[in-house]
Amino acid sequence: MTPSEILRSAAAAGVKPDLAQLIAAIPYACYLGITVDRKGTEVTTVLKFQPHLVGNVGLQALHGGVVGGFLETTAMMQVIFEVGAAEMPKPVDINIDYLRSGRAVDTYGRAVITKQGRRVVNVHAEAWQEEHDRPIAALHGHFLLPAEK
Amino acid sequence: MTAASNEAVDFVNMMLRSIPHADALGMTLVEIGDGSAVAKIAYAEHLIGNPDTGVVHGGVITSLLDNTAGLAVQARLQSLGGIATLDLRIDYMKPAVAGEDIYAFVECYRATSSIAFVRGVAYHTDRADPIAAVAGAFMLGTNTVRKPVN
């Protein structure tokens with residue numbers, strides 16, 4: 001199933017979409033190696049370290065674009081999970097703060113919806129590695145919801 | 001382009017091949033100026049963010065803009081010294097077109113002794129009709145000795 005089919009069938013059934021199935025339907029998320037770990041209402045994204053994610057060989061640091069793409073995906077999953085849109089939300093703008101260099105280990109992400117409007121959702125997401133209180137990057141951004149029909 | 005600038009483009013492309021993620025995305029440098037760079041990523045199926053439309057994921061655009069911005073900073077400094085992205089703001093103006101290559105033009109318009117500022121766009125064919133715009137700041141001198149800045 002495509003992401004839209006997954007979202008529409010969940011919306012029609014009145015249930016939360018299966019985020020693991022959804023992420024598996026996004027080629028770029030699979031290419032980066034992103035998975036979703038859902039425990040009740042808590043959604044955590046996981047970026048498994050792989051050599052092709054490195055942006056600086058000397059430092060063995062993750063590429064800034066990988067961290068950005070991971071955080072954007074994390075924010076998007078939270079919007080889909082909480083708002084339950086029947087189409088994929090569209091990013092309007094994102095701000096990424098790079099706080100520490102991302103090392104050659106697994107990375108985790110979580111997002112919080114700061115404000116949900118009728119058409120636009122404001123989201124804050126954070127990525128961390130071994131220590132949750134030492135984030136490697138943070139994102140805040142706006143996502144546009146599909147127009148109500 | 002002059003022979004000298006062709007040489008610079010070849011050199012940077014060789015360097016890009018040694019950055020695993022830039023290589024994985026098939027990123028190539030097209031043009032390099034005194035404080036600017038144009039790079040591209042060819043359309044590929046594994047870069048798709050929405051299979052319903054075939055449009056590439058925003059993360060691909062983030063990678064391209066971040067890397068091109070880094071090259072623009074290094075071009076302005078005339079140095080391969082260590083730099084680190086402090087922040088990026090990306091505005092998505094319109095969806096990318098499925099099947100089309102994506103280009104980024106980024107200029108480093110100001111650099112102090114410790115910080116460089118960049119702005120740029122991602123586009124298909126026309127810089128005046130961008131897919132996305134970027135603004136950001138880079139920290140300089142993060143892992144090696146750097147030549148003084150003008």
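Keep in mind that this is a model prediction, so the values were computed, not measured.
Around NZ of A/K16, the count of heavy atoms belonging to other residues, nucleotides or ligands within 6.0 Å exceeds 12. The number of heavy atoms from other shown groups lying within 6.0 Å of CG (B/D34) does not exceed 12. Crowding of A/R100 atom CZ: a count of heavy atoms from other residues, nucleotides or ligands under 6.0 Å exceeding 12. Under a cut-off of 6.0 angstrom, the local environment of CD in B/E45 is sparse, with at most 12 non-hydrogen atoms contributed by other residues, nucleotides or ligands.
Note: A/H142 NE2 to B/Y92 OH = 14.5 Å, rounded to the nearest 0.5 Å. With rounding to the nearest 0.5 angstrom, the NE2 atom of A/H63 is 5.5 Å from the CG atom of B/D66. Rounded to the nearest 0.5 Å, atoms CD1 (B/I90) and CG (A/N95) are 9.0 Å apart.
Options B/L47, B/I19, B/I48 differ in how many heavy-atom pairs under 4.5 Å they form with chain A, and the most are formed by B/I48. Chosen from A/G55, A/A29, A/G68, the residue pairing most often with chain B at heavy-atom distances under 4.5 Å is A/G55. Of the residues considered (A/V57, A/V92, A/T2), A/V92 shows the highest number of contacts with chain B, using heavy-atom pairs under 4.5 Å. With respect to chain A, the highest number of heavy-atom pairs below 4.5 Å among B/A44, B/P20, B/S18, B/A135 belongs to B/P20. The choice from A/P3, A/C30, A/S101, A/A61 that makes the most heavy-atom pairs within less than 4.5 Å of chain B is A/P3.
At a 4.5 Å heavy-atom cutoff, the contact between A/L32 and chain B is made by side-chain atoms alone. Contact of A/A25 with chain B is made through the backbone alone, with heavy-atom distances under 4.5 Å. When heavy atoms are compared at a cutoff of 4.5 Å, A/V66 approaches chain B by way of both its backbone and its side chain. B/V134 does not touch chain A: none of its heavy atoms, backbone or side chain, sits under 4.5 Å away. Residue contact with chain B, scored on non-hydrogen atoms closer than 4.5 Å, involves the backbone of A/P51 exclusively. Contact annotation for B/D87: both backbone and side-chain heavy atoms come within less than 4.5 Å of a heavy atom of chain A.
Cluster membership for A/M1 and A/I26, using ILVMFWY side-chain heavy atoms within less than 4.5 angstrom, is shared. In the hydrophobic clustering of ILVMFWY residues, with side-chain heavy atoms under 4.5 Å counting as a link, A/L47 and A/L22 come out together. No continuous path of hydrophobic side-chain contacts links A/Y108 to A/I23 [ILVMFWY only; heavy atoms under 4.5 Å]. Criterion: ILVMFWY side-chain heavy atoms under 4.5 Å apart, direct or through other members. Under it, B/V55 and A/M76 are not part of a common hydrophobic cluster. B/Y123 and B/M93 are members of different hydrophobic clusters when ILVMFWY side chains are connected at heavy-atom separations under 4.5 Å.
Without hydrogens or angle criteria, B/D52 side chain to A/S4 main chain gives a donor-acceptor distance under 3.5 Å. Panel note: side chain B/H21, backbone A/H52; a donor-acceptor pair is recorded below 3.5 Å.
When all heavy atoms of B/T85 and A/Y98 are compared, the pair lying nearest together is O-CB, 3.1 Å. Considering all non-hydrogen atoms of both residues, B/S63 and A/Y28 come closest at OG-OH, 4.3 Å.
Residues A/I94 and B/R89 fail the side-chain proximity criterion, which asks for heavy atoms closer than 4.5 Å.
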